[in-house]
Protein chains: 2
Amino acid sequence: MTSSATTRTEPDLSFLLDHTSHVLRTQMAAALSEIGLTARMHCVLVHALEDERTQARLAEIGDMDKTTMVVTVDALEKAGLAERRTSARDRRARIIAVTEKGAQVAAQSQAIADRVHEEALGALPEAEREALLRALNLLAEGHLATPAESPRPARRARRES
Amino acid sequence: MTSSATTRTEPDLSFLLDHTSHVLRTQMAAALSEIGLTARMHCVLVHALEDERTQARLAEIGDMDKTTMVVTVDALEKAGLAERRTSARDRRARIIAVTEKGAQVAAQSQAIADRVHEEALGALPEAEREALLRALNLLAEGHLATPAESPRPARRARRES
DNA sequence: TATTGTTATACTCTATAACTATA
DNA sequence: TATAGTTATAGAGTATAACAATA
């Protein structure tokens, strides 16, 4: 579901943020899927291209769990866009090396991502556009910087086998 | 994960919307959990209180699947906040009737939701606050009104048993 | 025949735990 | 001992299908 799961009696920030982020995410996913990428694959590809980075570092940048990163790198390798290389400095770590094809795809995916963002922002008058980005940046760096503690109980330990 | 799973090379609307909506959602969930509600329970409770509504109608308002609504109404009934009543007009349908206790809780949960929103918006200067709401409303009603088609293949049919 | 709500269950996503290999 | 990455799998969330009651 789209998750507007809060009321709408007045200026409902929850609804607005949930809805716009959800729709933008579907647009991004649809656009990237045309070249066979997920948003996560795009994210890892671009940041692996910028610098020699390990899976752990890339997971940190993209705010993914390391196990999610395994799946993402598997997909990139399978598509021939990146390769795991044992780090010379720390033989436990894997550097994600982007292939030539991967670099080409990364350029395409970055262009796609930029286009999707420009189309959304372009739908706003110049003044609102800047104000939106300024306000969201303020929130993201301030009051909405870090997630609240989850009210849900921690997951139970695995059953004895 | 927090899902900033797109790059951050420039003004990254995806990251900003995903991040702020995620954090606000955790704040809302944490705040509502103090009175034993989820965001969905709050949403259903408030809209059931406004008018005589069936599960199907409430599901539509909250953008939930009807099977998700079953679970949500089960929780509300179990907590003594609402009851299912067979509609007199259409005996297939169930009107969600809010109990007295449910009405009290709805007032509390609405106050909590308002507070969470006010705290976030209050962290912004007056001018940015209005601009943010204006810009988000424009997007939500315009370019980011409806989700793009899912690029994922439809779910396979259930296996023969 | 179509629709409301229910049950059962399948699929996706994400995270925890345990493991291997290094450090 | 601790960390990088892997595997297996648990749990949450959600959606599909089939069904009963009613329209």
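Because only heavy atoms are used, hydrogens play no part in the values below, and waters and symmetry mates are left out as well, while side chains stay in. First the proteins, then the strands, lettered A, B, ... as listed; each starts at 1.
Annotation: side-chain contact (heavy atoms from CB on, under 4.5 Å) contacts of A:T146 (sequence neighbours excluded): none. Under the rule for a salt bridge (charged side-chain N to carboxylate O under 4.0 Å, His left out), A:E52 has no partner lying at least two apart in sequence or in another chain. For B:A103, the side-chain contact (heavy atoms from CB on, under 4.5 Å) partners two or more places apart in sequence, or in a different chain, are B:L49, B:V98. Looking at residues two or more places apart in sequence or on another chain, you find a salt bridge (charged side-chain N to carboxylate O under 4.0 Å, His left out) between B:R85 and B:E83.
Atom P of nucleotide D:dG5 and atom CZ of A:R57 are separated by 12 Å, given to the nearest angstrom. Separating the CZ atom of B:R25 from the P atom of D:dG13 is a distance of 11 Å, rounded to the nearest angstrom. Distance, B:D74 CG to C:dG5 C1': 11 Å, rounded to whole Å. One can place CG of A:D65 at 17 Å from P of D:dG11, the figure rounded to the nearest angstrom. One atom, CD of A:Q55, and another, C1' of D:dT7, lie 13 Å apart when rounded to the nearest Å. In this structure, B:R84 places its CZ atom 17 Å from P of D:dA21, rounding to the nearest Å. Between B:R53 atom CZ and C:dG5 atom P there is a gap of 14 Å when expressed in whole angstrom units. Straight-line distance from the CE atom of B:M64 to the C1' atom of C:dT4: 17 Å, rounded to whole Å.
In summary, B:R57 and B:E60 engage in a salt bridge, as defined by a charged side-chain N under 4.0 Å from a carboxylate O.
Once rounded to the nearest 0.5 Å, the distance linking CD of B:Q108 with NE2 of B:H42 reads 12.0 Å.
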Donor-acceptor contacts, no H, no angles, side chain residues 69-78 of chain B, under 3.5 Å, sequence neighbours left out:
{"from": "B:T72", "atom 1": "OG1", "to": "B:T68", "atom 2": "O", "distance (Å)": "2.9"}
{"from": "B:D74", "atom 1": "OD1", "to": "B:R84", "atom 2": "NH1", "distance (Å)": "3.0"}
{"from": "B:D74", "atom 1": "OD1", "to": "B:R84", "atom 2": "NH2", "distance (Å)": "3.0"}
{"from": "B:E77", "atom 1": "OE1", "to": "B:R84", "atom 2": "NH1", "distance (Å)": "2.9"}
{"from": "B:E77", "atom 1": "OE2", "to": "B:R84", "atom 2": "N", "distance (Å)": "2.8"}

Restricting to nitrogen or oxygen on both sides, can you table the protein-nucleotides 21-23 of chain C pairs closer than 3.5 Å?
{"from": "C:dA23", "atom 1": "OP1", "to": "A:R91", "atom 2": "N", "distance (Å)": "2.9"}

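Between A:I95 and B:K66, the residue anchored nearer the 5' end of DNA chain D, judged by the nucleotide with its closest heavy atom, is A:I95.
On a pure distance criterion of 3.5 Å, a polar donor-acceptor pair joins the side chain of A:T67 and the base of C:dA15.
Checking D:dT6, C:dA15, C:dT4 against every side-chain atom of B:A93, the shortest atom distance belongs to C:dT4.
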